[in-house]
Amino acid sequence: MDVSTIINPLNDAQREAVSAPDRPILVLAGAGSGKTRVLVHRIAWQIQVMGLSPHNILAVTFTNKAAKEMRSRVEALLNIPTQAMWIGTFHGLAHRLLRRHARQANLPETFQVMDSSDQLRLIKRLLAGLSLDEAQWPPKQIQWYINGQKDEGVRAKHLPEGGDMFQRQMRVIYLAYEELCERSGLIDFAELLLRVHELLRDNPEVLAFYQLRFLQVHVDEFQDTNTIQYAWLRLLTTGRDNLFVVGDDDQSIYGWRGARIENIYNFQKHFPSHQLIKLEQNYRSTGNILSAANHIIANNDGRLGKQLWTDAGQGDLISLYAAFNEQDEAYFVVERIRSWISEGGLRNDIAILYRSNAQSRQFEERLMTTGVPYRVYGGLRFFDRAEIKNALAYLRLMSNRHDDASFERVVNVPTRGIGLKTVDDIRLVAREHGVSLWTAAVEMIGHNRLSGRARNALAGFLNLVEHLSALSVDLALFEKVKVVVELSGLLELYKNDKLERGEEKLENLEELVNAARLFDYAESGEDNLSELDMFLAHAALEAGDAQADEFDDCVQLMTLHSAKGLEFKLVFLVGMEEGLFPSMQSLDDPKRLEEERRLCYVGITRARRQLYLCYSESRKLYGRESYPRPSRFLREIPAETIQEVRLRAQISHSPAAVKANPAAALSESKFKLGQRVSHEKFGEGVVLQIEGDGSQEKVQINFKDAGLKWLMLAYAKLELL
DNA sequence: TTGTTCCAGCTTTTT
DNA sequence: GCTGGAACAA
């Protein structure tokens with residue numbers, strides 16, 4: 001193959017990035033500018049032109065999906081096998097490293113990964129053990145605290161001993177948490193990253209080995225890295241010019257879960273010899289859409305700075321729709337969707353994007369009643385489902401009896417007469433002796449420390465696990481899973497589940513057996529670990545898709561966050577209201593507001609051809625009617641790229657109002673939507689709509705007693721409240 | 001042990 | 001105003 005296949009499909013900036021000589025490289029890749037393409041071609045360049053072996057390539061992403069896509073595209077471009085390349089997520093790679101160096105990382109060989117819900121349960125148990133009140137010490141907050149510390153590389157022992165009550169208590173909890181994890185052989189997601197950092201930092205020979213192996217290190221979505229991830233990237237590339245990162249500071253939307261946008265800014269400081277390359281040509285959207293995106297993001301401070309452009313023309317205007325309420329919003333959107341479809345458009349090309357999941361309901365209902373197929377992203381993933389987690393808990397216990405989290409999970413599922421009291425007793429003994437629940441249970445049965453019935457029930461459970469374990473020793477993985485599902489009683493339990501979901505759960509359990517059958521042990525690349533353990537790790541690290549039917553042609557509903565990286569011909573960005581988007585919690589914090597703005601930028605740049613922005617003049621929020629103001633982001637979009645859509649009966653528009661920037665009209669009146677006013681005759685009310693300018697200005701007011709009224713401002717005596 | 005009632009909480013999500 | 005989880009009663 002010659003170099004032209006790698007280089008020819010690229011534009012100048014892309015080519016510069018792909019063929020750049022060895023030095024730290026930061027590619028600032030705007031939305032739709034071909035960032036994955038650059039990464040893939042860069043890897044190909046390293047192998048094809050620079051003569052590196054695939055063995056010497058490391059490429060890190062955040063999601064399994066991105067990793068898979070990168071691998072398959074490299075494979076397609078180079079037409080060589082890619083197993084030797086380390087392409088994976090930060091967590092996946094961390095897992096692999098820890099498996100290989102378990103001893104050096106001070107981990108038991110059979111350690112297992114727990115996901116966030118496992119972690120939360122563990123914390124709840126811990127609190128109970130410490131006799132702490134959950135109301136006073138919310139488990140979620142503790143989880144957030146511990147993960148936050150780990151993301152910054154801080155262990156419990158590093159925390160100062162003094163401090164206020166909160167700090168002292170958190171330290172105690174964090175210490176106890178680490179101890180419990182260690183005893184159970186469990187590590188959480190943040191721990192995966194932290195351990196790898198410590199492994200590389202404290203074992204020079206290990207670090208040297210990987211520095212020599214990974215001659216080129218590629219990072220996707222660099223703006224989403226947290227402190228510890230960046231720290232290990234720097235360790236791996238110390239003293240070499242082999243770090244190639246791709247990212248977009250304008251698309252950093254995960255600050256709230258530890259991502260440090262500063263990393264992308266500090267890159268230039270940390271690597272003075274770096275080269276910065278900007279990809280600004282956009283191959284996705286129309287000129288109008290890009291103009292809106294550029295103008296919005298320009299309101300953020302401290303950007304590295306980037307202007308997207310396209311040679312594809314202006315395209316259609318962006319449509320702005322002011323709905324009366326959220327039903328009206330859904331009605332409007334679905335009507336537009338129906339006409340798109342009736343004109344021959346694909347449903348797959350349509351997305352409804354919202355800030356918070358709760359907003360999906362209106363749209364779902366409307367789509368349902370009109371019979372338009374749709375798919376909601378988010379929600380429970382396959383391996384997150386209770387029935388699946390139960391089955392996995394049995395499997396985990398078979399692999400490691402001391403996995404307390406799994407023990408607690410299924411000791412009485414299905415119910416076998418082991419009540420809270422018994423479990424409490426076991427916990428107590430376990431804590432007293434500093435042993436696992438399993439060991440404590442065995443001891444208690446041996447020493448007759450339980451009442452007859454509880455004793456039998458508990459012995460039954462222990463025997464069941466031993467029995468399952470013995471029975472499945474020589475079976476293939478999927479047969480093991482099958483045995484567990486059938487003999488644990490789970491199958492029976494869900495069969496008798498009359499609450500309609502039972503059938504679905506049975507199907508899921510069958511699907512689990514199937515997943516085990518399809519699980520490719522060889523692909524996991526480890527041979528020092530049992531297939532079962534690898535499968536369990538796989539289940540934790542890759543939660544699976546929420547739905548299987550992605551091949552159907554249906555409208556896509558998702559949050560703005562989950563839309564990142566995707567594109568659609570027709571996009572509806574709904575709920576553009578202050579307090580919703582930007583969200584209430586972000587309104588008083590400039591940093592968070594900027595992140596919301598980036599989220600808006602992400603949303604807008606998902607659209608390829610047509611973009612609809614919607615806001616509602618009234619919306620039910622927590623059961624109460626609210627009258628939010630239109631989102632500030634609407635005002636940041638240039639007027640000439642927008643057209644206002646009105647479906648409702650027209651109130652005679654004054655010429656001034658028609659000509660005026662529809663977005664500007666939202667802001668220039670002395671009244672704001674939602675403003676509370678008082679009228680001498682009608683009493684108190686709330687402003688719902690504003691139309692016209694100057695002497696023509698009129699407002700629609702919803703009066704408490706008198707109902708809806710249109711009033712000319714020039715005549716009506718209104719007082720602001 | 002199960003079914004019911006009660007009550008807090010309520011952005012975003014991957015690993 | 002709805003939901004999920006925890007506390008409570010039978």
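None of these values were measured; they are calculated from a predicted model. By convention in this document, chain letters (A, B, ...) are assigned in the order of the sequence lines, proteins followed by strands, and residues within each chain are numbered from 1.
Closest to the side chain of A:Asn64, from the set B:dT15, C:dC2, C:dG1, is B:dT15. Which of C:dA6, B:dT15, B:dT11 sits closest to the side chain of A:Glu596 comes down to B:dT11.
For the pair A:Phe62 CZ and B:dT12 P, the interatomic distance rounds to 20 Å; values are reported in whole Å. Remark: P of B:dT2 and CG of A:Asn412 are 8 Å apart, rounded to the nearest angstrom. Going from atom CG of A:Leu560 over to atom P of B:dT13 covers 9 Å, rounded to whole Å. Rounded to an integer number of Å, the gap from NZ of A:Lys65 to P of B:dT13 is 13 Å. Distance A:Asp384 CG to B:dT15 P: 10 Å, rounded to the nearest Å. Between the CD atom of A:Glu326 and the P atom of C:dG1 there is a distance of 12 Å, given to the nearest Å. As rounded to whole Å, 16 Å separates atom P of B:dC10 from atom CG of A:Leu580. One can place CZ of A:Arg361 at 12 Å from P of C:dG1, the figure rounded to the nearest angstrom.
Remark: A:Lys564 is not in phosphate contact with B:dT12, judged by side-chain N or O atoms under 4.0 Å from OP1 or OP2. The phosphate of B:dT11 (OP1 or OP2) has no side-chain N or O of A:Asn357 nearer than 4.0 angstrom. For B:dT14, the OP1/OP2 oxygens have no side-chain nitrogen or oxygen of A:Thr89 closer than 4.0 Å. For A:Arg381 and B:dT14, the shortest distance from a side-chain N or O to OP1 or OP2 is below 4.0 Å. Taking 4.0 angstrom as the limit, A:Tyr622 places a side-chain polar atom (N or O) nearer than this to OP1 or OP2 of B:dT11.
Geometrically, A:Arg409 does not engage A:Tyr394 in a cation-pi contact defined by less than 6.0 Å to the ring centre and at most 45° from the axis. In this structure, A:Arg234 satisfies the cation-pi test against A:Tyr230, with its NZ or CZ atom closer than 6.0 Å to the six-membered ring centre and inside 45 degrees of the ring normal.
A donor-acceptor contact under 3.5 Å is not formed by the side chain of A:Thr415 with the base of B:dT2.
Checking each of A:Arg381, A:Arg121, A:Lys389 against A:Asp115 for a salt bridge (charged side-chain N to carboxylate O under 4.0 Å, His left out) leaves exactly one that passes, namely A:Lys389.
Among the atoms of the strands shown, none is found under 4.0 Å from any heavy atom of A:Arg416. Looking at heavy-atom distances under 4.0 Å, A:Ser586 makes contact with a base. Using a 4.0 Å heavy-atom criterion, one finds that A:Lys421 contacts no nucleic acid atom at all.
Taking atom P on both nucleotides, C:dT3 is separated from B:dT12 by 15 Å, rounded to a whole Å. Taking atom C1' in both C:dC2 and B:dT13, the straight-line distance is 22 Å, to the nearest Å.
Between the side chains of A:Thr110 and A:Asn400, no donor N or O sits under 3.5 Å from an acceptor N or O.
Atom-to-atom distance recorded for A:Gln149:CD and A:Met170:CE is 9.5 Å, nearest 0.5 angstrom.
Along DNA chain B, the nucleotide closest to A:Leu541 and the one closest to A:Gln585 are compared, and the more 5′ of them pairs with A:Gln585. Across the interface with DNA chain B, nearest-nucleotide mapping of A:Ala135 and A:His561 shows A:Ala135 to be the residue nearer the 5′ end.
The main-chain N or O of A:Gln585 is found under 3.5 Å from a side-chain atom of A:Arg592 such that the two form a donor-acceptor pair.
In B:dT11 the base sits syn relative to the sugar, since the glycosidic angle is no further than 90° from 0.
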